[in-house]
Participant: 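Quick one: structure below, then a few questions.
Below, read A as the first sequence line, B as the second, and so on, with proteins coming before strands; counting in each chain starts at 1. This is a predicted model, so every value here is computed, not measured.
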There are 2 protein chains.
Amino acid sequence: MSNLKSHASDAPSSVRASSNKPSTQKRILDTAERLFAKEGFEQTSLRQITQEADVNLASVNYHFGSKKALIQAVVARYMDVFMPALDEELRGLDDESALTTLQVFEAFKLPLFSLNGIHKRGTERFLRLLGFAYSETQGHLRRYTQSAFGNVLQHLLALLHRANPKLSDEEMFWRLHFVLGATVFAQVSGQALIEIARAEFNYEVNIKTVIEHLIVFIAGGLERP
Amino acid sequence: MSNLKSHASDAPSSVRASSNKPSTQKRILDTAERLFAKEGFEQTSLRQITQEADVNLASVNYHFGSKKALIQAVVARYMDVFMPALDEELRGLDDESALTTLQVFEAFKLPLFSLNGIHKRGTERFLRLLGFAYSETQGHLRRYTQSAFGNVLQHLLALLHRANPKLSDEEMFWRLHFVLGATVFAQVSGQALIEIARAEFNYEVNIKTVIEHLIVFIAGGLERP
DNA sequence: GATTAAATTAAACGCATGTTTAAAATGTGT
DNA sequence: ACACATTTTAAACATGCGTTTAATTTAATC
């Protein structure tokens with residue numbers, strides 16, 4: 001599924017053979033991910049990425065083709081883990097006799113936390129990438145998600161309808177988008193919020209705490225009669 | 001409160017004397033507002049604004065000093081109407097004996113709709129401007145709002161606490177930010193959503209409908225025990 | 001070890017941005 | 001009508017961006 005320029009044979013990927021230094025591709029991908037999650041896609045320049053990754057400016061276009069393609073590659077690395085995991089969790093809910101909204105949203109927790117396998121703070125990074133993907137107008141990302149994982153999202157919608165049979169299609173439509181808004185915003189402004197919270201309430205806050213609060217909130221909003 | 005360059009005497013503002021054409025300042029302000037609300041602050045260039053306003057490129061810097069100052073002037077025009085109106089509505093709730101969350105959020109409705117006095121679609125524009133102000137990193141705008149209208153926002157927080165005495169400070173903190181997120185997102189993605197909704201449900205959607213749905217949703221999320 | 005393919009590099013390209021400059025035009029007060 | 005302040009204008013400036021080019025270095029293949 002990788003969109004990388006293949007250049008005939010693509011044997012020596014992933015890790016440089018003799019050196020203990022990761023390959024140029026991986027260095028770009030890792031640095032881009034870190035900076036994208038920190039500042040957003042548009043705010044991060046290729047010069048910034050290549051400088052911090054200690055690779056040549058032109059290598060991004062050589063290996064990925066364009067900045068857009070690099071963005072997609074960064075996001076795809078998480079999507080390819082998250083979406084199948086979510087899919088499995090949602091399937092587990094199909095047999096549930098008395099399905100609740102909270103159950104549906106809690107099905108997100110394991111897939112989200114599994115992203116910490118990709119990176120130490122993978123959950124946080126993924127959600128922030130997602131946030132920027134929606135708040136900046138990265139139409140190509142939305143289209144990619146829709147076409148690659150549209151079936152999973154439809155499954156989600158069906159389960160929410162089952163948990164809230166009294167809600168009209170129209171109401172569900174709006175509320176689901178509000179849910180998305182609260183989620184995205186929480187992540188994009190997340191770091192600032194965490195710092196404020198830390199100062200104000202004098203206790204440690206982490207991404208897990210935020211997600212717990214968020215799930216309760218969005219379930220409450222969505223279930224409102 | 002205007003940050004405009006005064007240049008000694010500032011007599012001939014607002015409207016050009018002999019011509020029936022609005023002054024350069026007003027033309028810039030109106031066009032900038034329209035484009036900012038449509039595309040966001042960063043996505044809108046001064047060249048785009050001045051071209052559509054039919055004024056010279058340099059006049060923005062002459063009259064406003066910088067793009068940042070122009071952004072602030074555009075937002076301030078709405079804030080200066082909205083915040084006092086909200087303040088008054090909130091004061092009206094001080095004497096309420098059994099205050100509910102829904103009441104607090106419904107206090108936003110009149111101030112919001114009053115913005116249609118500034119422009120035909122003032123409510124929509126204001127909310128979208130607000131959305132971009134938060135989703136783009138316009139730190140100076142956040143600081144301006146906080147310093148100019150911080151007292152009103154604190155009043156709001158106090159009322160919400162009164163309506164939800166069982167909610168801890170910490171929970172209120174998070175939920176209020178989720179509320180903000182849902183609101184902002186609804187507006188920034190608003191036009192796209194309205195069009196989707198129109199196509200999907202085959203009926204007319206306007207900003208008022210969105211706000212009605214939103215208020216119910218956020219009240220539900222915030223009240224969740 | 002020669003030959004080919006892949007990867008890296010420094011430099012430039014083309015374009016767009018916000019801002020500044022200095023001259024010209026317009027308006028104002030006496 | 002003059003002198004002065006204000007506004008408008010066209011042009012250039014400085015900077016940053018993504019991308020492309022062409023030469024060089026490195027790696028793989030026979």
Participant: A:Leu57 has an atom CG; how far is it from atom P of C:dA7, in whole Å?
Facilitator: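 Rounded to whole Å, this separation is 18 Å.
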
Participant: Output yes when A:Glu89 and A:Lys109 qualify as a salt bridge under the 4.0 Å nitrogen-oxygen rule, no when they do not.
Facilitator: no

Participant: The test is ring pair (Phe, Tyr, Trp, His ring centres under 6.0 Å); show your working for B:His213 and B:Phe217 and say whether it passes.
Facilitator: CA-CA 6 Å; B:His213 282 285; B:Phe217 173 84; over 10 Å; no

Participant: Using a cut-off of strictly less than 4.0 Å, decide whether B:Thr24 has a side-chain nitrogen or oxygen near OP1 or OP2 of D:dT8.
Facilitator: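 Answer yes for this pair, as a side-chain N or O of B:Thr24 is under 4.0 Å from OP1 or OP2.
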
Participant: Quick one: which of D:dG18, C:dT9, C:dT20 gets closest to the side chain of A:Asn56?
Facilitator: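 Closest of the options to the side chain of A:Asn56: C:dT9.
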
Participant: Closest to the B:Lys67 side chain: D:dT19, C:dT8, C:dT19?
Facilitator: C:dT19

Participant: If each of A:Ala58 and A:Ser45 is mapped to the nucleotide of DNA chain D with the nearest heavy atom, which maps nearer the 5' terminus, i.e. the 5' end?
Facilitator: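 The residue whose closest nucleotide sits nearer the 5' end is A:Ser45.
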
Participant: In whole Å, I'd like the distance from the CD atom of A:Gln51 to the P atom of D:dG16.
Facilitator: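 After rounding, the gap between these two atoms is 12 Å.
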
Participant: Aromatic ring centroids of B:Phe126 and B:Phe82 under 6.0 Å?
Facilitator: yes

Participant: Please round to 10 degrees the angle between the axis of the first five pairs and the axis of the last five pairs in the helix from C:dG1-D:dC30 to C:dT30-D:dA1.
Facilitator: 0°

Participant: Run the side-chain contact (heavy atoms from CB on, under 4.5 Å) test on B:Phe108 and B:Ile211 for me, step by step, so that the C-alpha distance in whole Å, both residues' side-chain angles and the decisive distance to 0.1 Å come before the verdict.
Facilitator: CA-CA 10 Å; B:Phe108 278 73; B:Ile211 291 178; over 6 Å; no

Participant: Taking CZ from A:Arg47 and P from D:dG16, how many angstroms apart are they, rounded to a whole number?
Facilitator: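 After rounding, the gap between these two atoms is 10 Å.
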
Participant: Whole-Å distance between D:dG18 P and A:Phe64 CZ?
Facilitator: 15 Å

Participant: Counting only side-chain nitrogens and oxygens, does A:His63 get under 4.0 Å of the OP1 or OP2 atom of C:dT8?
Facilitator: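 It does, given that an N or O in the side chain of A:His63 lies less than 4.0 Å from OP1 or OP2 of C:dT8.
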
Participant: What integer distance in Å separates A:Gln48:CD from D:dC17:P?
Facilitator: 8 Å

Participant: Once rounded to the nearest 0.5 Å, what's the spacing between atom CD of B:Glu124 and atom CG of B:Leu129?
Facilitator: 10.5 Å

Participant: What integer distance in Å separates B:Asn61:CG from C:dT17:P?
Facilitator: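 B:Asn61 atom CG is separated from C:dT17 atom P by 14 Å.
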
Participant: Which part of the nucleic acid, if any, lies within reach of A:Thr50 when heavy atoms closer than 4.0 Å are counted: base, sugar-phosphate only, or nothing?
Facilitator: nothing

Participant: Looking at side-chain heavy atoms only, is the closest gap between A:Leu29 and A:Leu70 below 4.5 Å?
Facilitator: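 Answer yes - side chains close enough.
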
